[in-house]
Amino acid sequence: MIEARGLVKKYGDVVALDGLDLSVPEGTVYGLLGPNGAGKTTAVRILTTLLKPDAGTAKVDGLDVVRKANAVRRIIGLTGQYAAVDEYLTGRENLRMFGDLYHLPTAYVKERSDELLARFDLTDAADRSLRTYSGGMRRRLDLAASLIAKPRVLFLDEPTTGLDPRSRIDLWEVIKDLVADGTTVLLTTQYLEEADQLAEEIVVIDHGRVIAQGTSDTLKDQVGGDRLEIVVDDPAQMDAAAQALRSVATGEVTVDRADHRIVAPVVGGSLTLVDAVRSLDAAHVGIADVALRRPTLDDVFLSLTGHTAEEDQA
Amino acid sequence: MSSAVPTRPRPIIGWGLHDGLVVARRNLIQTIRVPELLFFSIVQPVIFVLLFAFVFGGAIPIPGADPTTAPDASVYRQYLMPGIFGQTVAFASAAATVGLAEDMKRGIIDRFRSLPMASGGVLIGRTFADATRQILVLFVLSITGLLIGWRINDGILNAVYAYLLLLFFAYTVAWIGSWIGLYMPNPETAQTAGLVWLFPLTFLSNAFVPITAMPSWLQPIAQWNPISSLVLSTRELFGNPTGIVGDAWPQQNPIAYTLISCAVLIAIFAPLAVRRYRTSTSR
Ligand SMILES: Nc1ncnc2c1ncn2[C@@H]1O[C@H](COP(=O)(O)OP(=O)(O)OP(=O)(O)O)[C@@H](O)[C@H]1O
Ligand SMILES: [Mg+2]
């Protein structure tokens with residue numbers, strides 16, 4: 001549904017995209033994950049016809065985004081990184097305006113606006129100016145506006161940035177519903193959890209190029225298997241504990257003295273956990289806490305880019 | 001996909017005008033909901049009227065005015081009002097500059113550009129709304145003028161022509177203002193950039209002082225300045241004193257020159273602005 005080949009975009013000396021390839025199958029949620037400045041917004045802008053690439057090509061539903069820009073616009077919806085709705089209009093007026101500008105029949109626009117206002121829980125606020133809306137309400141209206149023409153492909157640039165956890169989960173539900181209806185969604189995010197929750201296929205980009213790609217599970221596997229974390233009772237036993245864990249670990253055992261924590265990469269899931277506890281017991285090490293942790297996308301990120309997504313924001 | 005989306009036939013007026021009207025409506029609703037903005041765009045020219053009429057009025061002689069019919073200050077007020085009208089509509093361009101810079105900053109231009117709209121739609125709407133807003137401004141200004149002794153002396157029809165010419169001029173400069181606005185990095189810069197070129201332009205004209213009172217090397221510039229021809233046209237149409245009219249063609253044929261200037265400026269700046277719009281994104 002979305003095909004991009006070798007997209008390059010430069011802003012002066014800054015290379016925002018450096019040969020980006022994407023391939024999004026129809027009816028899936030595709031997650032574009034990357035730290036600040038990775039080139040996510042630039043990629044979305046090229047795919048939504050707002051920006052021309054310096055090199056490379058992109059097609060949405062077989063339509064070239066540069067040469068067939070207007071045809072592409074008819075089948076896409078865009079929710080940009082910042083809520084792009086009119087402050088002074090009411091929620092209903094906003095939706096009707098965008099519907100009119102999609103060149104939809106007036107009666108259809110009216111009906112569809114009401115339907116979307118209800119779906120996004122904005123019916124009560126529908127006739128209030130947006131100046132009275134909270135950030136979450138604005139964001140929901142923004143998403144509603146991009147759905148007015150039932151787009152077959154939806155681009156969401158960091159849709160939940162700035163939302164509280166509850167609004168975020170609500171929005172995830174809406175996105176899941178959309179995909180159930182057959183909409184193809186390309187979603188950018190800095191929240192690893194979000195990509196994990198929503199996206200079947202994840203592409204990690206940094207400095208304008210793809211650095212990893214796959215499902216959330218395959219990406220986690222790339223980082224290595226599970227991690228066994230234990231916290232010891234008595235700091236004096238740290239070395240004995242580390243020694244005991246080396247017998248079950250598949251790689252380097254790291255010792256965090258400040259937290260009395262020892263982390264060991266392992267394979268074999270819970271069986272290994274039992275082995276580990278046995279050998280710690282044999283070494284007479286008192287354990288305060290023990291956990292088997294699957295790697296999160298955070299770990300994926302860290303191992304791929306050398307920094308976490310959050311660190312990068314600082 | 002739950003159900004197909006119906007399509008709509010092309011309206012008689014065409015999509016460009018249709019989209020323009022939708023966007024103009026949005027901009028005008030904004031004007032109504034933020035009355036402060038409209039209020040200040042009216043208060044500013046009213047203050048100008050009062051300042052010029054009462055502070056400088058007596059000090060600026062109008063050569064060529066008939067000294068027997070009305071003495072000093074009242075002649076100047078008759079002379080001044082069309083100048084204020086001209087200056088006011090010229091400043092309509094600043095609203096377009098700031099408005100577009102704000103739209104870009106808010107990302108709403110990005111959204112408009114992601115829609116299958118006519119590419120001139122947003123700017124047609126913008127310029128149309130900015131010119132329409134001037135109707136109210138000119139109305140309040142005219143009342144102010146009437147209160148201080150300005151009069152419409154040459155019939156209602158000519159007065160209507162004068163107002164239409166002023167609105168056409170407002171529409172023209174709104175295109176120039178739009179073009180500038182699309183280059184602005186933020187609304188604050190737009191606020192300044194939208195105004196800087198207007199001050200020399202309006203003061204290098206016959207709006208407030210007769211051209212004959214200017215240094216001789218400036219006089220040709222002032223005579224060819226479209227604001228001068230606009231102001232002179234309206235003075236003639238309202239039957240207000242014109243001062244001594246220069247020899248240059250624009251001064252001899254002010255209405256024709258004003259119409260030609262507007263047409264040429266739109267022909268230059270509308271395509272420039274639309275071309276810029278097609279690649280504009282928020283930053
Ligand atoms: N209009 C512009 N002019 C100059 N540089 C730009 C412009 N837009 C983006 N850039 C640069 O291009 C790079 C990629 O920016 P982009 O906005 O695509 O990143 P992003 O992944 O969306 O980041 P964020 O998470 O902050 O939204 C950055 O280094 C940015 O500074
Ligand atoms: Mg971004």
Side-chain angles (χ1 to χ4, degrees), chain A residues 11 27 41-42 44-45 47-52 69-90 93-94 96-109 112 129-131 142 145-146 148-152 155 157 177-178 180-183, chain B residues 1-11 13-38 99 102-122 124-125 129 187 277-283:
Chain A
Y11 293 105
T41 299
T42 306
V44 168
R45 284 188 172 156
L47 295 173
T48 54
T49 77
L50 300 183
L51 214 57
K52 284 196 177 63
N70 238 24
V72 170
R73 290 176 190 141
R74 261 187 274 280
I75 58 165
I76 63 168
L78 165 66
T79 297
Q81 189 165 354
Y82 306 99
V85 277
D86 191 289
E87 278 293 285
Y88 304 102
L89 301 187
T90 66
E93 285 167 343
N94 262 292
R96 290 198 182 165
M97 172 176 74
F98 291 121
D100 274 351
L101 294 175
Y102 263 110
H103 301 165
L104 303 169
T106 314
Y108 171 83
V109 171
R112 179 79 175 149
S129 145
L130 258 63
R131 280 181 296 174
D142 197 37
S146 64
I148 195 114
K150 297 194 178 164
R152 297 170 51 207
F155 293 87
D157 195 1
D177 283 353
L178 285 170
D181 280 355
T183 310
Chain B
M1 205 52 90
S2 39
S3 61
V5 181
T7 50
R8 183 175 159 187
R10 188 172 176 281
I13 53 171
W15 287 123
L17 212 51
H18 167 271
D19 295 349
L21 289 175
V22 173
V23 174
R25 183 168 171 274
R26 166 228 172 197
N27 290 336
L28 289 171
I29 289 178
Q30 228 173 55
T31 309
I32 297 164
R33 304 242 165 105
V34 199
E36 301 87 353
L37 243 147
L38 186 63
E102 262 167 11
D103 282 353
M104 276 202 296
K105 183 184 168 203
R106 287 177 198 274
I108 199 152
I109 295 287
D110 281 6
R111 161 144 285 147
F112 283 140
R113 286 195 51 230
S114 77
L115 304 177
M117 289 175 66
S119 55
V122 168
I124 291 173
Y277 169 82
R278 293 164 71 127
T279 57
S280 297
T281 52
S282 72
R283 273 148 284 215

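Every chain is numbered from 1 and lettered A, B, ... according to where its sequence line falls, protein lines coming before strand lines. These figures come from a predicted structure and were not determined experimentally.
- Shown here for R74(A) and P116(B), the closest heavy-atom pair between the two residues is CG-CB, 3.7 Å.
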Is there a salt bridge (Lys or Arg N to Asp or Glu O under 4.0 Å) between R111(B) and D142(A) once you walk through the steps?
CA-CA 10 Å; R111(B) 161 144 285 147; D142(A) 197 37; 2.6 Å; yes

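- Atoms CZ and CD, from R25(B) and E93(A) in turn, are 6.0 Å apart once rounded to the nearest 0.5 Å.
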Test side chain to side chain contact (heavy atoms under 4.5 Å, CB included) applied to Q81(A) and D110(B), step by step
CA-CA 10 Å; Q81(A) 189 165 354; D110(B) 281 6; over 6 Å; no

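- Residues that satisfy the side chain to side chain donor-acceptor pair (under 3.5 Å) test with T31(B), not counting sequence neighbours, are R133(B).
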Worked check of side chain to side chain contact (heavy atoms under 4.5 Å, CB included) between T49(A) and R113(B):
CA-CA 8 Å; T49(A) 77; R113(B) 286 195 51 230; 5.6 Å; no

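- Both the backbone and the side chain of S114(B) come within less than 4.5 Å of a heavy atom in chain A.
- Only the backbone of A83(A) comes within contact range of chain B, with heavy atoms under 4.5 Å apart.
- R131(A) touches chain B through its side chain: at least one heavy atom from C-beta onward sits under 4.5 Å away, while N, CA, C and O do not.
- Chosen from D100(A), L78(A), N70(A), D86(A), the residue pairing most often with chain B at heavy-atom distances under 4.5 Å is D86(A).
- In this view, I32(B) satisfies the side-chain contact (heavy atoms from CB on, under 4.5 Å) rule with no residue, not counting sequence neighbours.
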Kindly indicate, with the supporting measurements, whether the criterion side chain to side chain contact (heavy atoms under 4.5 Å, CB included) is fulfilled by L89(A) and I29(B).
CA-CA 7 Å; L89(A) 301 187; I29(B) 289 178; 3.5 Å; yes

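- The aromatic rings of H103(A) and W15(B) lie parallel to each other, their planes meeting at an angle below 30°, with 60° marking the opposite boundary.
- Remark: the backbone N or O of Y88(A) is paired with a side-chain donor or acceptor of R33(B) at under 3.5 angstrom.
- Neither the backbone nor the side chain of V72(A) comes within contact range of chain B; no heavy atoms are under 4.5 Å apart.
- Here the straight-line distance linking atom CZ of F112(B) with atom CE of M97(A) works out to 4.0 Å at 0.5 Å rounding.
- Comparing L104(A), L51(A), T48(A), T41(A) by how many heavy-atom pairs each has under 4.5 Å with chain B, the most go to L104(A).
- For R8(B), the CZ atom sits in a packed shell: over 12 heavy atoms of surrounding residues, nucleotides or ligands are nearer than 6.0 Å.
- The two residues P6(B) and P105(A) have their closest heavy-atom pair at O-CD, 3.6 Å.
- Heavy-atom minimum distance, G107(B) versus A84(A): O-CB, 3.2 Å.
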Set out, in order, the CA-CA distance, both residues' side-chain angles and the distance that settles side chain to side chain contact (heavy atoms under 4.5 Å, CB included) for M117(B) and L101(A), then state yes or no.
CA-CA 6 Å; M117(B) 289 175 66; L101(A) 294 175; 3.8 Å; yes

